[in-house]
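Here the structure is laid out as structure tokens; the discussion comes afterwards.
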4 protein chains.
Amino acid sequence: MTVRGEQGPGLRADAARNRARVLRVARERLAAGDDSLQLNAVARLAGVGVGTVYRHFPTPQALREALSAEDLQGLVDEARRAAADEDALAGLRGLLRFTFEHALDDSGFAAVLESASDNEARTSELKAELDRSVTELLDRARRAGAVRGDVEADDVRRLLCGTVHAVRAGDGGPARAEVYLDVLLQGLRPAR
Amino acid sequence: MTVRGEQGPGLRADAARNRARVLRVARERLAAGDDSLQLNAVARLAGVGVGTVYRHFPTPQALREALSAEDLQGLVDEARRAAADEDALAGLRGLLRFTFEHALDDSGFAAVLESASDNEARTSELKAELDRSVTELLDRARRAGAVRGDVEADDVRRLLCGTVHAVRAGDGGPARAEVYLDVLLQGLRPAR
Amino acid sequence: MTVRGEQGPGLRADAARNRARVLRVARERLAAGDDSLQLNAVARLAGVGVGTVYRHFPTPQALREALSAEDLQGLVDEARRAAADEDALAGLRGLLRFTFEHALDDSGFAAVLESASDNEARTSELKAELDRSVTELLDRARRAGAVRGDVEADDVRRLLCGTVHAVRAGDGGPARAEVYLDVLLQGLRPAR
Amino acid sequence: MTVRGEQGPGLRADAARNRARVLRVARERLAAGDDSLQLNAVARLAGVGVGTVYRHFPTPQALREALSAEDLQGLVDEARRAAADEDALAGLRGLLRFTFEHALDDSGFAAVLESASDNEARTSELKAELDRSVTELLDRARRAGAVRGDVEADDVRRLLCGTVHAVRAGDGGPARAEVYLDVLLQGLRPAR
DNA sequence: TATGAATGAGGCTTCATTCAT
DNA sequence: GATGAATGAAGCCTCATTCAT
């Protein structure tokens, strides 16, 4: 007997429950600032056996990516909405702000977003999907003279993560976030 | 018998030699892409005992900072020269490019540069010294309307490291470095 | 619905098929040099659930013995034929060669053959049956002065397995097999 | 400060003591019938840290071989004495008996003796040395017509270990040892 | 000061076995 | 009967740090 969830293909009910528990605990660990995602620790906190975690996620990275796949899906949806905006520049800026805030909030998400090499095919698919929407926005904004000609969707993804990195490096929490994001947005405009 | 080096107080000749060896090996490790700086490994490669490394550098972080203190000193010198430039904007840009290239080349250097909390007092002093020169350049460039009003020297330091981070995230080596740096420089101009 | 096989009592058709699959895969594993017979691995390769393997064979040893029971049955048949040989010495030698070659080929078989403690009653029965034929051959050959007086059937079984062991210890495959077997056969003759 | 023992090159006094402790415990384990030589267990029993055991013996096999190197040395000495015997056949038989008893007593020793691939160079050297003495005895005995022409020193080594194996397979302890050894000795005589 | 052997906590991973479905 | 997800004990090994020499 199987259930169909958004997590993926058919899983036995108990397996799905365990998988969800593990994901939840992993998210908590990251939120608590522990980036190591030690599978043993996650298993203990999730109240499942180590083997169970290993079955679902052979490596911390796999777990990280599963987590991000969830976030990435939300981002892809948002990107589609943004791409439908009549005002391409407004759409782009809104999307960047949305992404920025998420990445600032969740360092694991940022890590996956900026990485050039994914372990899970699903991650790459989602990023490609995301990049398609961003490319469309960029092209339209570019035609309107609002964005420089030499940056592509993946550049924007990386520059945004770099900006998140810059905010994090500061000790005062996200106090400078607004300014740094604005520096990026200005930087994306055509050179004068 | 003691020698006087720029590293600090008088050291016995053999101690100074050991210290230098350790620093050299550590630099090689980092250049080789091994960021872990395991003190045991460094000791072995340097041909000294572990204890000796621990005496000089109680933690990997201390070693990292000692390394960066050397680089930082060079950067401080460059910053002083830049601050003497009549054209503040040109001086600033030159300095940023210089820093950018170093940080891109040496991830340990970038890490120290962006960190908000130093372990060694010397590091903090050097950063303060650096920031003074940058502040001066920023102020002059700002008066000329060439730089936005809401960024300070440490913002610039962090944004630069964020940009380095963005370049690193790409797989194609530093291919996009020029573009990303230009995005930052444009972003630092006053908002339109 | 049940079938009657030589394996034992009536089994449902699907159960019998699964049992046979498991045995076949186990044989392949051993032939491939993997002596561990991990029941999980066997189950996967056989395309059945772990539980199924466990139902049929509670331990790897049980599986091993089931495998050997099949071989042992063939050996018992051969021994009966040999015991019918008019020339007892010729019969004995032929049987030893036959056994030697099988054991050399299949280390699991050798292990069961030499063991003094069987887990399955069936194994002990077959060995006793085998030893009866060998004892008969030995006695007849002994009367003809062709075999030393102080070795019994189980000694011969063990010495043969020891010889197999000696061949295996060499790195050059079974190159020395003939010589080693001949050393054993000579050694079984009466002392001069 | 170092000491010179037969174990090898200079070792610090404490290191030598630990090494000896580990070897002693390992020997006890093997004598107790535990062939696994788990390094963690050995460390615990020896009252030293795991790391210490790993430093001296990176693998169970290395430990096994170190143990056997000691025994092997004794065997090499005995072989030299035997090779000096005027009666080559008597010397050979005495040496085989000596070896047989040791190997029967210590399964680790037998395992190293029969193996065709050593991990430690020292082991191979000792075996080569041993084989030289045996070869000499064999050649002399052969010239006197007392040994078959087609067996070399390493064949004898392996056949002897095979015989040990045969004795071990029996449940009644070494009751049949004498007979089995005699079968081997008879088997080594020229074929009639 | 320098050495490097020793330490052992800490993390990782497998796999034999059980049991809910 | 069959399935295979779950379990977690048990083994493995590394490496940061200490301290006797």
Side-chain angles (χ1 to χ4, degrees), chain A residues 1-3 11-19 21-22 36-44 46-56 58-60, chain B residues 11-19 21-22 36-44 46-56 58-60, chain C residues 11-19 21-22 36-44 46-56 58-60, chain D residues 1-2 11-19 21-22 36-41 43-44 46-56 58-60:
Chain A
M1 194 172 99
T2 61
V3 295
L11 279 177
R12 249 171 51 178
D14 53 350
R17 197 184 52 241
N18 281 337
R19 188 178 192 280
R21 271 191 198 171
V22 168
S36 65
L37 277 197
Q38 299 174 172
L39 299 191
N40 269 354
V42 169
R44 185 168 27 79
V48 304
V50 231
T52 301
V53 176
Y54 272 83
R55 168 188 300 272
H56 286 294
T59 65
Chain B
L11 244 44
R12 254 171 47 179
D14 54 349
R17 199 181 51 241
N18 282 340
R19 188 179 193 280
R21 273 189 195 171
V22 168
S36 64
L37 274 198
Q38 301 174 171
L39 299 192
N40 268 309
V42 169
R44 185 167 29 78
V48 305
V50 229
T52 302
V53 175
Y54 269 83
R55 167 180 326 277
H56 287 295
T59 67
Chain C
L11 245 45
R12 255 172 45 182
D14 55 348
R17 200 182 50 241
N18 281 340
R19 188 177 193 282
R21 271 191 197 172
V22 168
S36 65
L37 275 199
Q38 301 176 171
L39 299 192
N40 268 310
V42 169
R44 183 167 30 78
V48 305
V50 229
T52 302
V53 175
Y54 269 82
R55 169 181 323 279
H56 288 294
T59 66
Chain D
M1 195 172 94
T2 63
L11 279 178
R12 248 170 53 179
D14 54 348
R17 198 183 53 242
N18 281 337
R19 188 178 193 279
R21 270 191 199 171
V22 168
S36 66
L37 276 197
Q38 299 173 171
L39 299 190
N40 269 358
R44 184 167 30 76
V48 305
V50 230
T52 301
V53 175
Y54 272 83
R55 167 188 300 273
H56 286 295
T59 65

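Chain naming here is simple, since letters A, B, ... match the order of the sequence lines and numbering starts at 1 in each. What you see below is based on every heavy atom in this structure, not just the backbone, and it leaves out hydrogens, waters and symmetry mates.
Distance B:Arg44 CZ to E:dA2 C1': 18 Å, rounded to the nearest Å. Rounded to whole Å, atom P of F:dT18 lies 11 Å from atom CG of B:Leu39. Per the geometry, CD belonging to C:Gln38 stands 11 Å off P belonging to E:dT17, to the nearest Å.
In plain terms, the two heavy atoms of C:Pro58 and C:Leu39 that are nearest each other are O-CD1, 4.4 Å. Across all their heavy atoms, A:Pro60 and A:Ser36 have their closest contact at CB-O, 4.1 Å.
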Item checked: Contact letters for nucleotides 3-9 of chain E, in which S counts primed atoms plus P, OP1 and OP2 and B counts the base, heavy atoms under 4.0 Å -> BBBBBBB
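Under the side-chain contact (heavy atoms from CB on, under 4.5 Å) criterion, D:Asn40 pairs with D:Val50, D:Tyr54, sequence neighbours left out. For C:Arg17, the side-chain contact (heavy atoms from CB on, under 4.5 Å) partners are C:Asp14, C:Arg21, not counting sequence neighbours. For B:Arg55, the side-chain contact (heavy atoms from CB on, under 4.5 Å) criterion is met by no residue, not counting sequence neighbours.
Consecutive Watson-Crick or G-U pairing (both distances under 3.5 Å) extending over three or more pairs maps onto DNA chain F as E:2-21 with F:2-21.
Nucleotides F:dT21 and E:dT1 place their C1' atoms 13 Å apart, quoted to the nearest Å.
Positionally, the nearest nucleotide of DNA chain F for D:Thr59 lies more toward the 5' end than for the other of D:Thr59 and B:Thr59.
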